[in-house]
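Right, one structure below, let's go through it.
All values below were derived from every heavy atom in this structure, side-chain atoms included, with hydrogens, water molecules and symmetry-related copies excluded.
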Amino acid sequence: MPKLLVKTGDLKDEVFHLEGSTISIGRGQDNPVRLFDRKISRKHATLIRDGEGYRLEDRSSINGVRVNDEPVSCHTLRFGDEIQIGSTVMVYLPVETETWAEDGVDDTTSSVCIVPDPRPSQGYDMEMVLPSDPITALENQAEPRAQNQAFKRLMLLYRISHELTGMIDPKILLQKILERMIDILQADRGFYVVIDKETGEPEVQNMCCKANHPDEETVTISRTIIDYVLKTGKAVLSNNAREDERFNTALSIVSLDIHSTMSVPIQGKDGILGILQAETYSKAIGFTREDLELMTAICNQVAVAIENATLINDLKNANDVLTHQQQQLIEAEKLSALGQLAAGVAHEINNPMTSILGYAQLTTKALRENPDESTLQQCAENLEIVEGEAHRCAAIAQTLLQFGRKGPVLKELTRINEVLDRSIAVARFHLNPKIKLATTFTPELPRIVADGQQLQQVFLNLIINARDAMEQGGTLSITSNRWGDGGICVEVGDTGCGIPKDKLNDIFKPLYTSKEEGKGTGLGLSVSQDIIDDHNGTIDVSSKPGDGATFTITLPVANLSEDLPENEQA
């Protein structure tokens, strides 16, 4: 399957697997290859299936597309091509390859060679290679029965090893191990005994009984053998348990009529984790040393699996605790953010409301005391101020709606210079007389598809921020120009105090403000960035402390065949 490997950029080492006949690349959420670089358009480029590979086409993006450091509009991709979009570089790999090492088997002294089938869902195929020297074979291996028994033992070890690697639940795995072990060893029953961490008492966790003792109503086990293994930490093999002096003819062994028994401890790093035990009642069948070695090998693997499962469980629990604490921190941050927002908004609305109340009281008093022509004129002026302050309150509410992404959006063919003229006309009343306004607009700029009200809000935010940065006066410059082959550019600059380098990455974050407490909500630039993003544009800032700041906004020009319905094209 073809893929794109991100070589440089915010998503370095990320891999995008390419599926489908058409794959779009850009900042928008609906792009299969989504990049977060601000210099990348919402719909920047498209990959189109071309035979077994892909063809890359630029979608008239503002900053263009480069392949192997050359600008392209359409390019058939080849192995190793480096695609640069914004500051992100991706490498095209048309075939996903995998390599593996395969070890040959040429040791003729090995009694058995097991070759697993690479298709585990279809079981396990095995190939047996008998040694050239019969002396190296297992005892009685020439006999078909013994040969078959050796095969089964190796099969059991292989399957257990394979299932342990597959991270099966330890309880389920141990039950399978018991069932297979009882069958191979021809035992009557088997147990897995765990040690209670609090009481130290043994408990049967898994059990497999091929045949219960005839006199046994409920399944019981010999505590004597288990206590001996726990005390010594050694594996036990006895083919005459009733007369074995190690158990002192325990009543449990006599009552259960146990003839042969094997009990092997599962040794962990910090002690015995449990015991695996097999028993027979019949005197005709006993266990061998090979049987004990088999159980010991199994227990060694089980010990590793149990401790790994414990570590994984501890890690999961720690992760759950961390996730819970993270959620608590998020909730605390939300409450803190809500408090900051409420304080900022309360201050913003309090100022115009104070003006509204004051002028309303003056107007009421003047009309009651002396309603002459001069008074009526003054009242009309007061009401104009009240109206302006009411609009200011509405603008603050609209900012909150935009922050919550609930405001209506109406995009249409728009001339950017007209939006700038309206923004400046509104902003003039808020500018300090010491601030000089310098505008340079390139005439006859191509139209864009935009919501003029939203863009006006962006420009007003930038102008007000520039005003606040020049408390002692300065120059506010606003320019409009072409940008590349398919865009326009607006710059808003000031000669104010500038922005520290370590704060440049914070100014677009919601609720962040460098202004004094109560003088800003920290929403203006965050909302502005969201608006520009929705218009498939970019907003960047350059600044040095003491040298002012310049905000640069780029927007794509209208593509009438794609951006508007036919009845709206002009």
Side-chain angles (χ1 to χ4, degrees), residues 152-153 156-157 160 164 170-197 199-216 218-268 271-307:
K152 285 185 176 181
R153 292 168 186 268
L156 175 62
L157 281 173
I160 290 173
L164 284 171
K171 290 185 179 180
I172 299 175
L173 176 61
L174 282 164
Q175 188 63 36
K176 291 182 177 181
I177 290 173
L178 281 172
E179 293 171 358
R180 293 170 181 170
M181 186 180 69
I182 294 302
D183 179 60
I184 290 176
L185 299 178
Q186 300 181 27
D188 290 314
R189 63 180 190 170
F191 304 94
Y192 172 62
V193 179
V194 297
I195 311 303
D196 189 279
K197 293 182 179 180
T199 65
E201 294 294 315
E203 297 179 357
V204 176
Q205 178 176 288
N206 295 83
M207 175 178 60
C208 179
C209 294
K210 196 174 186 179
N212 293 337
H213 192 274
D215 299 328
E216 188 178 23
T218 59
V219 177
T220 57
I221 62 172
S222 173
R223 176 69 181 266
T224 304
I225 298 174
I226 292 174
D227 285 343
Y228 181 87
V229 175
L230 289 175
K231 180 181 178 180
T232 63
K234 297 179 180 180
V236 169
L237 166 60
S238 178
N239 279 328
N240 193 355
R242 295 187 63 177
E243 298 180 9
D244 196 318
E245 61 181 12
R246 293 174 293 182
F247 310 136
N248 296 319
T249 317
L251 292 177
S252 59
I253 297 175
V254 174
S255 62
L256 293 172
D257 196 21
I258 297 173
H259 172 62
S260 296
T261 182
M262 282 193 303
S263 190
V264 180
I266 298 175
Q267 190 72 45
I272 295 176
L273 303 174
I275 295 172
L276 203 60
Q277 183 166 323
E279 299 172 347
T280 65
Y281 304 129
S282 173
K283 294 182 180 180
I285 301 176
F287 297 124
T288 66
R289 179 175 180 175
E290 286 77 14
D291 294 333
L292 185 63
E293 290 175 349
L294 174 65
M295 278 190 65
T296 302
I298 292 173
C299 288
N300 288 338
Q301 294 188 58
V302 170
V304 174
I306 291 175
E307 293 200 324

Supply the atom-to-atom distance T261 OG1 to I226 CD1, rounded to the nearest 0.5 angstrom.
9.0 Å
Does the side chain of N206 reach to within under 4.5 Å of the side chain of V194, using non-hydrogen atoms?
no
Who pairs with D227 by side-chain hydrogen bond (donor to acceptor under 3.5 Å, both in side chains), at least two apart in sequence or on another chain?
R223
Are any of the side-chain heavy atoms of C208 and Q175 separated by less than 4.5 Å?
yes
At their closest point, which heavy atom of A187 faces which heavy atom of F287, and how far apart are they?
CB-CZ, 3.9 Å
Using every non-hydrogen atom in the two residues, find where L292 and V236 come nearest and quote the distance to one decimal.
CD1-O, 4.0 Å
Sole candidate of Q277, M295, E279 that passes side chain to side chain contact (heavy atoms under 4.5 Å, CB included) when paired with M262
M295
Compare every heavy atom of Y192 with every heavy atom of L178, then report the nearest pair and how far apart it is.
CD1-N, 3.9 Å
Is the closest side-chain heavy-atom distance between V302 and L276 below 4.5 Å?
no
Excluding sequence neighbours, so at least two apart, what forms salt bridge (charged side-chain N to carboxylate O under 4.0 Å, His left out) with E203?
none
All heavy atoms of P265 vs all of C299, minimum pair found to be O-CB, 4.0 Å
Knowing that exactly one of I275, T296, N300 qualifies, which makes a side chain to side chain contact (heavy atoms under 4.5 Å, CB included) with V264?
T296
V204 meets the side chain to side chain contact (heavy atoms under 4.5 Å, CB included) criterion, sequence neighbours left out, with F191, V193, M207, I221
All heavy atoms of I225 vs all of S263, minimum pair found to be CG2-CB, 3.9 Å
